[in-house]
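The structure under discussion appears below in the form of structure tokens.
We name chains A, B, ... by the order of the sequence lines, and we start the count at 1 in each one.
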Amino acid sequence: MTDTQTLYAAYSGIIDTALGALVSEGVLPEDASFKNVTLEPPRDPSHGDLATNAAMVLAKQAKTNPRALAEQIAEKLTAADGVVSADIAGPGFINLRLEPSAWLNELQAITALGDDYGRSAMGAGTSVNVEYVSANPTGPMHMGHCRGAVVGDALSSLLELAGHDVTREYYINDAGGQVDVLARSVHLRYREALGADIGAIPEGLYPGDYLVPVGKALASELGDKFADAPEEEWLPVFRAHAVTEMMEVIKGDLALLGIHHDVFSSEAALHQAGKPDEAEKWLRENGFVYDGVLEAPKGKAPPEDWEPVELPLFRSTQFGDDQDRPIKKSNGAWTYFGADLAYHMQKAEKADELIDIWGADHAGTVKRIKAAVAALSQGKGKPTPFDVKLVQMVQLMRGGEPVKMSKRSGNFITIADMIDEVGKDVVRFTMLTRKPEAQMEFDFAKVVEASKDNPVWYVQYAHARIQSTVRKASEEESVSPSDEALGQLGDEELTLIRRAAQFPREVEAAAKAREPHRIAFYLYDLATDLNAFYSLGNTALEKRFIVKHDKGLSAARLSLADAIGQVLRNGLRVLGVEAVDRM
RNA sequence: GUUCCCGUAGCUCAGGUGGAUAGAGCGUUGGAUUCCUAAUCCAAAGGCCACAGGUUCGAAUCCUGUCGGGAACACCA
């Protein structure tokens with residue numbers, strides 16, 4: 001055996017060859033596009049092993065009707081290796097039936113490729129920067145950040161498996177006014193640590209207890225020299241300290257979720273390096289920035305202090321935004337957008353494609369940042385593909401009742417609380433069982449349930465069953481299956497292999513669509529098939545993985561079990577969820 | 001008022017970028033276990049894919065509009 005090739009890849013190749021032959025015969029035009037040709041399992045398994053829509057997609061280009069073209073394609077495919085028959089059905093589907101050995105080869109491919117089964121070359125040569133979490137460094141991570149964190153991390157892993165060179169990046173918003181608030185809050189805790197009676201935390205400062213240790217640390221490090229000093233003396237010191245401390249807290253929370261970023265980019269550092277000025281200069285030269293007056297906010301009464309001011313505005317209306325957006329404030333400081341724009345320019349210099357994962361509350365700013373990237377990447381000659389994934393809210397529930405959160409008192413549910421209660425794997429998997437753009441509920445009671453209703457549990461259970469079986473088998477001597485033994489595997493086993501064989505396509509499709517949740521749903525389906533097969537053995541001893549007195553068949557079935565376990569592990573790895581051996 | 005997301009079985013949700021007869025779980029009804037993990041499995045019932053138009057060989061999927069649910073709309077971050 002030379003290169004280990006997965007089944008769908010191999011047969012896609014066979015179809016390409018057949019279509020290529022039709023091009024050289026003049027049936028299809030030279031410039032025919034095969035872009036929309038797909039190869040997939042037929043909806044109804046009785047139709048065959050594989051189905052292609054090639055004839056329907058290409059009929060127009062061939063200037064003929066789908067069924068006529070299908071006949072010509074089918075004729076070529078019938079001659080191909082491992083193909084038993086190629087039948088035309090419905091409006092022009094071609095259904096292929098394969099030798100059983102084709103599926104058995106896939107079984108061996110899974111074993112041979114191991115952890116690499118599912119890895120694709122699709123994304124090779126394209127680097128992607130995924131920015132996610134980017135929570136403000138003003139406190140521990142809470143629930144609001146969790147879903148985006150998990151989705152971003154799983155998406156990164158998925159893109160890696162699909163062959164992309166991925167950078168996981170975190171943007172630290174350490175330059176805005178909220179960091180001054182943080183510094184003041186810490187200063188208060190610092191005085192408290194020195195023995196001052198600070199009373200209640202004033203409105204507008206962060207009340208959370210998590211700042212107490214930060215204050216103490218600063219008190220022992222700095223003594224009392226800033227206790228009564230004017231703010232301008234201590235503010236920069238406290239700001240830097242507080243941000244560093246908070247980032248340590250956040251990195252700790254992320255680690256609990258199994259998340260590690262490659263790059264932490266600081267907004268303050270961006271300013272220091274003069275990046276926003278560079279961006280503004282280029283944008284002005286190219287007519288994307290001008291000085292103008294903002295319109296009053298629409299749809300509600302304008303703020304009392306609203307008055308028209310001239311500001312440098314970015315022409316985001318050219319890209320479909322409602323209004324042009326200021327990049328600087330009237331006091332001359334950069335707006336968040338002004339800095340963010342420069343930040344994206346910096347990212348686009350290093351990566352071929354950009355993805356941001358944002359909370360839905362930032363939906364209103366998507367258009368302007370997309371506009372900015374579109375404008376800026378014109379300078380590079382070719383536009384940088386840029387995707388903003390919005391992650392919708394998660395409603396926390398407990399036994400069907402919403403969990404109340406009071407942000408004002410500083411009592412919110414943190415990531416750490418959540419993981420402490422239900423575990424990392426449950427949090428991660430559950431967050432991936434909805435498409436991100438749909439709102440979801442997270443019920444503490446339900447996600448720890450041990451039942452089919454709980455996908456995390458169900459998938460892990462399937463894996464644990466496999467491992468248990470393999471353990472049991474290894475007590476006896478291990479036999480690697482002969483071809484003859486593999487030949488004994490029947491339809492029921494092939495169903496399982498068919499599902500497993502879809503994993504590589506599932507990875508590519510999910511990566512292309514940037515939807516890691518598809519892997520979670522796929523794993524659930526695979527687990528269902530495994531459990532269905534497993535249950536056959538409850539009433540029929542000869543359907544068990546381990547069949548007494550038939551070492552050949554047992555070895556063949558065990559290699560199947562092992563392969564399914566491998567695919568479950570590979571999928572769970574993308575999601576960042578442990579594949580447990582025992583439950 | 002504007003923008004974005006959502007609307008699929010009684011409930012919670014999938015639906016592979018336009019394909020074949022619409023898919024799961026829960027719940028309901030009926031069945032299966034001496035024995036590899038029954039925390040499981042098999043089966044039945046359950047649908048105007050919110051509504052109305054449009055695009056084409058073909059629409060839950062794409063376009064327009066309407067209705068309903070959610071979110072955002074400052075030079076904040």
Side-chain angles (χ1 to χ4, degrees), chain A residues 36 38 40-44 47 51 53 56-57 59-60 65-66 89-93 95 136 138 173 175-179 294 296-300 302-303 305-306 309 311 320-323 325-331 333-338 340 359-367 390 392-393 433-435 437-441 443 446 449-455 457-458 461-462 464-473 502 505-506 508-510 512-513 515 517-518 521-522 524-525 528 531-539 541 544-548 554 557-558 561 582-583:
Chain A
N36 295 322
T38 61
E40 47 192 24
R43 187 184 297 247
D44 184 342
H47 289 155
N53 63 354
M56 291 183 288
V57 174
K60 224 173 236 172
N65 72 66
F93 285 102
N95 293 322
N136 285 340
T138 54
N173 299 136
Q178 85 284 356
V179 186
L294 267 188
K298 288 180 187 132
K300 56 181 185 183
D305 56 349
W306 190 86
V309 196
L311 295 167
D321 202 358
D322 306 342
Q323 56 177 295
R325 304 290 174 173
I327 60 170
K328 276 184 183 170
K329 308 181 208 173
S330 50
N331 66 7
W334 293 99
T335 61
Y336 181 84
F337 173 60
D340 206 24
D361 51 340
H362 289 69
T365 64
V366 171
K367 279 190 176 173
L390 289 180
Q392 289 289 333
M393 306 276 114
T433 52
R434 296 264 181 294
K435 49 185 174 194
E437 65 270 25
Q439 288 151 244
M440 74 179 292
E441 289 180 1
D443 195 314
K446 229 169 178 183
E449 222 171 77
S451 79
K452 198 176 181 184
D453 194 22
N454 178 2
W457 182 86
Y458 189 71
Y461 179 63
R465 271 185 153 177
I466 288 172
Q467 294 306 93
S468 155
T469 307
V470 170
R471 273 198 303 274
K472 178 108 181 168
Q502 285 173 51
R505 332 173 30 246
E506 207 69 45
E508 291 192 351
K512 205 175 273 179
E515 292 180 345
H517 73 274
R518 285 193 198 176
F521 283 97
Y522 167 78
Y524 185 83
D525 288 342
T528 301
N531 282 325
F533 180 76
Y534 190 97
S535 294
L536 294 175
N538 284 331
T539 43
L541 286 177
R544 296 186 152 219
F545 282 102
I546 303 165
V547 184
K548 281 209 172 93
S554 297
R557 292 244 176 92
L558 284 165
R582 283 189 171 82
M583 297 183 76

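Using a 4.0 Å heavy-atom distance criterion, A:G176 is classed as a sugar-phosphate-only contact. Backbone-only engagement by A:Q178 is indicated by non-hydrogen atom pairs under 4.0 Å involving sugar-phosphate atoms exclusively. Heavy atoms of A:G90 sit nowhere under 4.0 angstrom from any nucleic acid atom. The residue A:D44 sits close to a base: some heavy atom pair falls under 4.0 Å. Among the heavy atoms of the strands lying under 4.0 Å from A:A464 is at least one base atom, whether or not backbone atoms are also near. Among the heavy atoms of the strands lying under 4.0 Å from A:Y524 are primed sugar atoms or P, OP1, OP2 only; no base atom is included. At the heavy-atom level, A:Y336 lies under 4.0 Å from base atoms of the strands shown. A:D340 comes within 4.0 angstrom of nothing in the nucleic acid, heavy atoms only. Within 4.0 Å (heavy atoms only), A:K435 reaches sugar-phosphate atoms of the nucleic acid but no base atom. In this structure, A:M393 reaches neither bases nor backbone, as no heavy-atom distance under 4.0 Å exists between it and the strands shown. Residue A:R505 is classed as a base contact, given a heavy-atom separation below 4.0 Å to a base. The residue A:A89 sits close to a base: some heavy atom pair falls under 4.0 Å.
Annotation: B:G25 and B:G15 have their C1' atoms spaced 15 Å apart (nearest Å). B:C62 and B:U37 are spaced 48 Å apart, taking the C1' atom of each and rounding to whole Å. Only the P atoms considered, B:U61 is 15 Å distant from B:U17, to the nearest whole Å. The C1' atoms of B:U2 and B:G58 are separated by 36 Å, rounded to the nearest whole Å. Nucleotides B:U28 and B:A45 place their C1' atoms 8 Å apart, quoted to the nearest Å. B:A9 and B:A50 are spaced 8 Å apart, taking the P atom of each and rounding to whole Å. Comparing the P positions of B:C5 and B:G10 gives an interatomic distance of 27 Å, to the nearest angstrom. The same atom, P, is picked in B:C11 and in B:G47; the two are 12 Å apart, to the nearest Å.
Each of A:W334 and A:T539 was assigned the nucleotide of RNA chain B with the nearest heavy atom; the assignment lying further toward the 5' end belongs to A:T539. If you find the closest nucleotide of RNA chain B to A:A51 and to A:R325, the one lying nearer the 5' end belongs to A:A51.
Between the CD atom in A:Q439 and the CZ atom in A:R434 there is a gap of 11.5 Å [rounded to 0.5 Å]. To the nearest 0.5 Å, atoms CE (A:M440) and OG1 (A:T433) are separated by 4.5 Å. For the atom pair CD1 of A:I466 and CG of A:L558, the computed distance is 10.5 Å after rounding to the nearest 0.5 Å. Here A:K328 contributes atom NZ and A:F337 contributes atom CZ; the two are 14.0 Å apart, rounded to the nearest 0.5 Å. Between the OG1 atom in A:T365 and the CZ atom in A:R325 there is a gap of 8.5 Å [rounded to 0.5 Å]. For the atom pair A:K512 NZ and A:R505 CZ, the distance stands at 10.5 Å (nearest 0.5 Å).
With rounding to whole Å, A:D322 atom CG is found 8 Å from B:C4 atom P. For A:L390 and B:C73, the CG to C1' distance is 14 Å, given to the nearest whole Å. Summarising the geometry, the separation between CG on A:D525 and P on B:A24 is reported as 9 Å, rounded to the nearest angstrom. With rounding to whole Å, A:K548 atom NZ is found 9 Å from B:C36 atom P. Between A:R544 atom CZ and B:U37 atom C1' the separation is 11 Å, expressed in whole Å. Distance, A:K472 NZ to B:U37 C1': 11 Å, rounded to whole Å. We find that NZ of A:K367 is positioned 12 Å from C1' of B:C73, with the value rounded to whole Å.
The side chain of A:P42 has B:A20 as its nearest neighbour among B:A20, B:U37, B:C57. Distances were taken from every side-chain heavy atom of A:H47 (C-beta onward) to each of B:A20, B:C35, B:G15; the shortest belongs to B:A20. With distances taken from any side-chain atom of A:Q502 to the nucleotides B:C6, B:C76, B:G16, the minimum falls on B:G16. Of the candidates B:C35, B:A72, B:U37, the closest approach to any side-chain atom of A:S468 belongs to B:U37. Comparing B:A14, B:G16, B:C5 against the side chain of A:R518 picks out B:G16 as the nearest. Side chain of A:A438, nearest nucleotide from B:G16, B:A14, B:U37: B:A14. With B:A14, B:G15, B:C75 as the choices, the nucleotide that has an atom nearest any side-chain atom of A:P326 turns out to be B:C75.
Side-chain atoms of A:S468 do not come within 3.5 Å of backbone N or O of A:A464 as any donor-acceptor pair. For A:R557 (side chain) and A:R544 (main-chain N/O), a donor-acceptor pair under 3.5 Å exists by modelled atom type. Looking at A:N454, its side chain does come within 3.5 Å of a backbone N or O of A:E449 through a donor-acceptor pair.
Looking at A:N531 and A:Y461, their side chains never bring a donor and an acceptor atom within 3.5 Å of each other.
Figure legend. B:G18 is base-paired to no nucleotide; pairs are counted as Watson-Crick or G-U wobble with both atom distances under 3.5 Å. Across all strands shown, B:A59 forms no Watson-Crick or G-U wobble pair with both distances under 3.5 Å. Across all strands shown, B:U33 forms no Watson-Crick or G-U wobble pair with both key distances under 3.5 Å. The nucleotide B:U64 finds its pairing partner in B:A52, both defining distances of the Watson-Crick or G-U wobble pair being shorter than 3.5 Å. For B:C75, there is no paired base (Watson-Crick or G-U wobble, both distances below 3.5 Å). Nucleotide B:G10 has B:C26 as its partner under the Watson-Crick or G-U criteria, with both atom distances under 3.5 Å.
Classified by interplanar angle (parallel below 30°, tilted 30° to 60°, perpendicular above 60°), the ring pair A:F545/A:F533 is perpendicular.
If you check distances only, the side chain of A:T335 never reaches the base of B:C75 with a donor-acceptor pair under 3.5 Å.
A pairwise comparison of heavy atoms in A:N65 and A:A59 identifies C-CB, 3.9 Å as the closest pair.
Here A:K446 does not reach the OP1 or OP2 of B:C11: none of its side-chain N or O atoms lies under 4.0 Å away. Close to B:G15, at under 4.0 Å from its OP1 or OP2, lies a side-chain N or O of A:H517.
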Give each protein N/O atom lying under 3.5 Å from an N/O atom of nucleotides 40-43 of chain B, with the pair distance.
{"residue": "B:U40", "atom": "OP1", "partner": "A:K452", "partner atom": "N", "Å": "2.6"}
{"residue": "B:U40", "atom": "O2'", "partner": "A:R465", "partner atom": "NH1", "Å": "3.4"}
{"residue": "B:U40", "atom": "O2'", "partner": "A:S535", "partner atom": "OG", "Å": "3.3"}
{"residue": "B:C41", "atom": "OP1", "partner": "A:K452", "partner atom": "NZ", "Å": "3.2"}
{"residue": "B:C41", "atom": "OP1", "partner": "A:Y458", "partner atom": "OH", "Å": "2.3"}
{"residue": "B:C41", "atom": "O4'", "partner": "A:S535", "partner atom": "OG", "Å": "2.9"}

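Per the stacking criterion (ring centres < 5.5 Å, plane angle < 30°), A:H362 does not stack onto the base of B:A72.
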